[in-house]
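Report on the following structure.
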Amino acid sequence: MIVVMQKGVTVEQLQSVMKRLQDFGFKAHVSEGVERTIIGAIGEKTDEKVQQLEMMQGVERIVPILQPYKMAAMEFCGQRSLVKVGKVVFGGAHVPVIAGPCAVESPEQLCQTAAEVAAAGASMLRGGAYKPRTSPYAFQGMEKEGLELLAEARQQTGLPFVTEVVNPGDVDLVGRYADMFQIGARNMQNYALLRAVGLSNHPVLLKRGLSATINEWLMAAEYIMSSGNEAVVLCERGIRTYETETRNTLDLSAVAVIHRLSHLPVVVDPSHGTGKWRYVPPMCQAAVAAGADGLMVEVHVRPEEALSDGPQSLRPATFAEMMSKLAPIASAVGRTMP
Ligand code: PEP
Ligand code: MN
């Protein structure tokens with residue numbers, strides 16, 4: 001439920017409501033908006049508790065959260081959240097771009113790609129060290145060596161990196177290197193993994209499942225948040241439809257829907273969303289116009305030699321050209337891009 005405080009509520013009034021919520025066994029979270037202060041409270045709600053809280057000084061009203069997700073719901077904060085990854089901020093005026101190869105393949109491939117995306121204005125680096133491939137016979141990633149190469153690329157470029165973790169047992173190891181965890185589409189409903197990253201202090205990029213509804217996606221975010229980690233960024237990466245011309249169908253309406261239902265930032269990944277590099281620049285433009293809080297783009301120095309997702313990877317020159325065209329679109333919707 002949400003406790004909406006009166007305008008001009010005093011610190012003492014707020015503290016005593018927080019104390020009462022704690023005594024009632026609620027987990028409470030204060031959000032100070034421009035107009036109002038609200039408290040998001042999760043716990044067992046009874047009529048008596050609500051009545052007593054409503055009687056307290058400084059309380060205007062109590063509003064139940066009707067959605068099955070609570071901490072991920074817009075009402076819980078009443079305003080958009082910012083998620084920070086080092087100096088990079090998701091959900092603010094600036095729209096960060098995460099770019100890099102699908103998978104870390106070699107020191108040269110990663111180093112060159114990282115330098116190119118940094119020069120073109122990317123804010124973060126991506127690269128998979130653990131690859132959950134559809135086929136067990138396909139390249140599965142460089143694992144720990146890949147993490148070491150990503151850390152080296154971060155040192156050379158200054159870009160923080162996001163990388164996928166596929167096993168609860170790997171969360172500690174990956175967390176020793178990565179700035180942000182990625183939960184891949186195939187693992188969006190791996191609840192043991194969601195809880196494991198929920199117990200960590202690292203921000204999490206939560207990709208939408210291949211056939212997940214927005215409700216299921218927000219419930220997955222709720223798993224992470226209710227485990228203690230509120231730093232979740234959602235990532236729309238296309239869903240399964242009957243269309244075969246593209247690898248998936250990029251659901252750009254998800255950006256608008258998430259912004260209504262949730263306070264969490266949402267980034268768009270047109271590389272997996274379309275599966276074909278030609279469609280990536282126009283869909284990046286459309287995503288920024290729709291209000292996306294970030295982009296994720298696969299870039300490879302030699303896509304024709306890529307061990308995974310070559311057909312959807314941009315060459316560095318195409319990436320740089322695309323980046324140079326995003327600023328006016330961002331500015332038209334009140335955002336900034338490099
Ligand atoms: C990836 O980012 O390379 C990836 C595997 O993405 P998804 O989980 O969205 O398929
Ligand atoms: Mn990929």
Side-chain angles (χ1 to χ4, degrees), residues 85 97-105 109-110 113-114 117 122 124-136 138-143 146-147 149-150 161-167 170 174 178-190 193-194 197 203-212 214 216-217 220-221 224 232-241 246-252 254-255 266-277 279-280 283-284 287 292 294-315 319:
V85 184
V97 178
I98 307 168
C102 179
V104 180
E105 298 170 2
Q109 171 248 15
L110 185 66
T113 310
V117 300
M124 270 182 78
L125 180 65
R126 63 147 290 144
Y130 296 82
K131 295 305 300 176
R133 306 302 298 282
T134 302
S135 164
F139 174 61
Q140 303 287 310
M142 291 180 76
E143 305 187 342
L147 296 173
L149 293 176
L150 283 160
F161 73 85
V162 57
T163 195
E164 183 162 351
V165 57
V166 295
N167 269 311
D170 292 337
V174 176
D179 301 283
M180 183 183 213
F181 289 127
Q182 176 171 318
I183 299 296
R186 287 157 195 79
N187 272 317
M188 190 206 80
Q189 286 179 313
N190 179 339
L193 183 61
L194 298 178
V197 295
V204 179
L205 184 73
L206 176 64
K207 290 195 134 193
R208 182 177 181 179
L210 277 73
S211 304
I214 288 176
E216 288 162 343
W217 188 17
I224 300 171
V232 177
V233 176
L234 301 164
C235 178
E236 162 60 40
R237 47 76 73 206
I239 48 174
R240 282 250 161 108
T241 67
T246 47
R247 179 179 179 185
N248 293 292
T249 295
L250 186 67
D251 179 14
L252 279 183
V255 174
V266 56
V267 318
V268 173
D269 166 2
S271 304
H272 294 86
T274 66
K276 294 184 180 171
W277 69 267
Y279 306 137
V280 173
M283 289 303 98
C284 281
L295 296 173
M296 178 181 252
V297 181
E298 286 187 341
V299 179
H300 196 292
V301 271
R302 284 175 295 280
E304 64 281 5
E305 292 172 19
L307 297 180
S308 74
D309 289 350
Q312 66 192 35
S313 300
L314 296 183
R315 289 178 198 281
F319 176 70

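Each ligand, and each atom within it, is numbered from 1 in the order the structure gives.
For E236, the side chain to side chain donor-acceptor pair (under 3.5 Å) partners two or more places apart in sequence, or in a different chain, are R208. Considering only residues two or more places apart in sequence or on other chains, T163 meets the side-chain contact (heavy atoms from CB on, under 4.5 Å) condition with A129, L147, L150, F161, V174, A178.
Ligand 1 lies under 4.0 Å from heavy atoms of C102, R126, K131, E164, Q182, G184, A185, R186, K207, R237, H272, E298.
The closest side-chain heavy-atom distance from M180 to R126 is not below 4.5 Å.
Ion pairing between D309 and R247 holds under the 4.0 Å rule for side-chain N and carboxylate O.
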Test log, rule side chain to side chain contact (heavy atoms under 4.5 Å, CB included), inputs V97 and F319: CA-CA 11 Å; V97 178; F319 176 70; 4.0 Å; yes

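For the atom pair CE of M188 and OG of S211, the computed distance is 9.5 Å after rounding to the nearest 0.5 Å.
Listed by chain and number, the protein N, O or S atoms at a distance under 2.8 Å from the Mn ion (ligand 2) are C102 SG, H272 NE2, E298 OE2, D309 OD2.
Checked by atom type and distance alone, the side chain of D269 pairs as donor or acceptor with a backbone atom of S271 at under 3.5 Å. A donor-acceptor pair is defined here as one N or O able to donate and one able to accept, closer than 3.5 Å; such a pair exists between the side chain of E105 and the backbone of L307.
Side chains of H272 and E298: a donor-acceptor N/O pair is present below 3.5 angstrom, by distance only.
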